[in-house]
Amino acid sequence: MSDVILRTEGLTKHYGGVHALQDANFELRRGEHVAIMGDNGAGKSTFVRQITGVEQRTSGRIWFDGREVDFAGPLEAREAGIETVFQNLALADDLDVPSNLFLGREKFWLRLGPFSILDRKAMRAATEAALKRTAVKIPNLSNTIRNMSGGQRQCVAIARTATFASKLIIMDEPTAALGVQETAQVENIIRQLKANGEPLILISHNMRQVFDLVDRIVVFRRGRIVANLNKAETSGEDVVSYITGAKTAPEYEGAA
Amino acid sequence: MAESAHGVGGLSFDASRRSWPNEVNVFIALVVLIVVFEVLNRLNGGSFLFNMRDNVDAIFNRQRLDIMLLQIAIVGIISIGVTQVIILGGIDLSSGSVVGATAMITMSFAQTAMVNGNPNPKAIFGDWAMDLPVIVPIAVGLACGLVAGLINGMLIAYTRIPPFIATLGMMVSARGVSKWWSNGNPISFPTEAYANLANGDLLGRLTFGLVSWPGQNPAVVFFALAILFQLIMIYTVYGKRCYAIGSNEDAARMSGINVASHKVLVYTIAGMLAAVAAILLTSKNLTAQAGMGVMYELDAIAMAVIGGVSLSGGRGSIVGTVLGAMIFSVIISGFTSIQLDAYYQEMVKGAIIVGAVVLDQYRQRRRAARA
């Protein structure tokens with residue numbers, strides 16, 4: 001098995017005449033945490049949408065987990081092992097934590113088609129294990145999501161992606177709507193994922209967070225990748241100049 | 001984001017601030033209403049629930065209980081389906097008309113050939129449809145409900161028109177069917193077996209006459225179905241998906257739930273429950289009329305809403321609806337018992353429905369403010 005979990009080659013997306021993403025060549029190694037940064041409209045989310053099958057790319061190729069893939073929809077991507085935490089949390093407010101974690105992939109005690117009886121004990125136990133693995137503390141699992149704070153909700157959403165032994169986790173601005181304490185909690189989970197060796201793509205505007213958490217920073221500008229920086233060899237100032245266009249990495253010269 | 005009052009980062013949880021289930025509130029309301037009507041009756045020297053006549057050896061006022069149970073049972077069975085639809089985030093306005101159409105069609109397969117030595121004066125079909133085994137009209141009835149529910153569900157799931165519009169269309173069309181079926185003539189004189197469906201004593205025979213009495217089969221069926229569907233809603237993936245779709249349809253879809261096919265299933269079940277109500281209603285009344293079930297859909301929705309089922313979907317339970325049905329029936333019988341005009345009954349009924357929704361909204365806002 002190769003060392004690379006995700007690779008894209010010439011990934012391009014046009015919305016009519018708008019070139020939202022142009023010729024993106026990207027690589028992610030197993031266990032690596034990479035941040036995607038860039039101004040609004042730089043193509044970050046577009047890039048993620050092509051990988052996760054939410055949209056169909058105009059051209060380009062994607063390899064995931066050693067084979068070339070072509071996801072028809074987000075479900076296929078998820079089945080292949082790409083879990084995404086969306087900006088708008090995909091949680092059912094009126095269900096409790098285990099039900100949300102296992103939404104759409106419930107464990108059954110007895111299979112009876114649509115009336116299959118749920119194995120609530122097993123789901124609860126698995127939930128506790130998953131929360132422990134991600135170091136998420138939710139005091140009462142049978143509480144509904146509606147009654148939880150934004151941070152708790154985000155933690156549940158993240159724990160959900162981490163529960164199913166996914167091969168790649170993508171987080172689209174996971175702390176954008178959170179307070180200081182809640183952000184810290186989410187960042188702890190990300191560190192835990194790193195310790196577990198699970199690869200991650202983090203979209204974030206928060207420079208401090210990015211420098212705290214990831215190994216590598218990929219900068220997008222106007223639909224193109226303009227820099228691929230090792231955290232150890234760069235600085236916040238540097239990244240900002242790539243984001244704003246003051247600088248372009250030599251290997252991407254001509255791209256921007 | 002505001003820091004929540006209980007704990008750093010909103011991560012600790014204060015169990016004492018957890019609100020009790022809404023069903024408890026509904027139950028308290030039910031008890032209060034019963035007590036109020038009992039007191040009002042006692043002031044006039046009567047009783048709401050208890051037997052006051054010396055010459056009858058019974059604890060309860062059985063006549064009134066019979067009427068109340070029948071009211072609860074027929075519309076309550078519809079309400080079980082409507083509750084599931086509302087939890088799913090939809091609405092079903094067609095159930096009353098489906099009862100009407102199903103009643104007419106079913107009854108025409110349940111007729112008996114000879115009435116008091118003469119041919120059945122209300123016969124719809126020829127001899128071939130007379131004195132059929134009771135399973136035939138039951139199957140025909142359930143099939144009617146299934147078709148109506150299936151059409152509702154398919155329209156809503158695949159054309160993506162709002163449930164309100166789809167079921168409004170079915171409401172008008174099914175009523176048309178019920179009038180067209182026999183040109184508006186009533187269909188009467190069922191076989192004995194069919195009449196026994198509602199007028200017999202199913203539970204009495206099973207429990208040696210201890211629990212029920214003749215004529216309460218609709219109530220027995222209602223409670224049995226209520227328990228069955230409450231269990232289904234809690235313990236099966238069917239129920240879980242109803243709540244999931246009702247509280248966040250996009251999340252459900254992204255989680256891989258086949259939302260469309262689940263909707264079809266739920267509306268189909270609701271249609272079939274309306275058919276069960278129609279079968280019991282015609283059996284009870286020994287006749288079917290084109291106007292049967294008018295306004296039942298609204299009564300069924302009202303029972304669910306009073307029972308705490310949220311019209312915005314995702315919240316509520318069958319238990320709540322059963323309690324809501326009881327409140328509904330206690331109010332109607334209560335007003336009758338204190339000899340209040342039927343006009344007032346309807347006015348107050350409307351006010352109670354609105355009040356229940358206002359209360360639900362208030363609870364929702366309060367909870368949102370707290371989270």
Side-chain angles (χ1 to χ4, degrees), chain A residues 54 73-76 78-79 84 86 88-96 99-120 136-140 142-153 155 157 160 177-186, chain B residues 1-15 17-19 87 89 228-229 231-259 261-262 264-266 268-269 310 312-317 364 367-368 370-371:
Chain A
V54 174
L75 280 180
E76 273 186 30
R78 211 181 65 170
E79 274 159 22
T84 314
F86 293 99
N88 51 342
L89 314 172
L91 296 174
D93 275 355
D94 297 300
L95 297 182
D96 60 9
S99 302
N100 263 295
L101 247 64
F102 285 88
L103 197 59
R105 43 196 166 185
E106 293 84 358
K107 286 177 191 277
F108 297 116
W109 180 74
L110 182 63
R111 283 192 170 274
L112 294 167
F115 298 102
S116 294
I117 297 170
L118 300 165
D119 190 346
R120 308 209 300 174
V136 175
K137 290 181 197 74
I138 304 278
N140 187 344
S142 34
N143 203 5
T144 57
I145 299 294
R146 187 183 295 282
N147 294 329
M148 291 184 181
S149 68
Q152 282 176 317
R153 288 171 192 228
C155 289
R160 184 174 133 158
L178 301 185
V180 176
Q181 299 273 3
E182 294 169 331
T183 301
Q185 176 79 10
V186 170
Chain B
M1 162 148 301
E3 205 65 30
S4 57
H6 43 288
V8 173
L11 289 171
S12 75
F13 177 75
D14 185 352
R17 297 197 54 175
R18 190 178 180 199
S19 51
I87 288 174
L228 175 71
F229 277 101
L231 294 176
I232 285 177
M233 291 304 278
I234 294 178
Y235 290 107
T236 73
V237 69
Y238 171 88
K240 200 60 82 184
R241 288 186 178 173
C242 288
Y243 286 102
I245 294 170
S247 71
N248 189 344
E249 193 172 326
D250 288 333
R253 197 170 285 121
M254 274 200 269
S255 303
I257 295 174
N258 189 337
V259 174
S261 74
H262 191 78
V264 173
L265 183 60
V266 174
T268 305
I269 286 176
S310 167
S312 47
R315 273 174 306 132
S317 69
Q364 242 174 294
R367 210 177 317 181
R370 217 170 46 188

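Chain letters run A, B, ... following the sequence lines, proteins first and then strands; every chain starts at 1.
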Passes side chain to side chain contact (heavy atoms under 4.5 Å, CB included), A:Leu103 versus B:Ile257? Steps please. CA-CA 8 Å; A:Leu103 197 59; B:Ile257 295 174; 3.8 Å; yes
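- Of the atoms belonging to B:Ile234, heavy atoms from both backbone and side chain fall under 4.5 Å from chain A.
- Of all heavy-atom pairs spanning B:Ser255 and A:Arg78, the tightest one is O-NH2, 3.1 Å.
- Atoms CG and CZ, from B:Leu265 and A:Phe115 in turn, are 5.0 Å apart once rounded to the nearest 0.5 Å.
- The line from NZ of B:Lys240 to CZ of A:Arg120 is 6.0 Å long, rounded to the nearest 0.5 Å.
- Test A:Ile117, A:Leu110, A:Leu118, A:Leu112 against B:Thr236 for side-chain contact (heavy atoms from CB on, under 4.5 Å) and you get one pass: A:Ile117.
- In terms of modelled atom types and a separation under 3.5 Å, the side chain of A:Asp93 and the main chain of B:Ser247 share no donor-acceptor contact.
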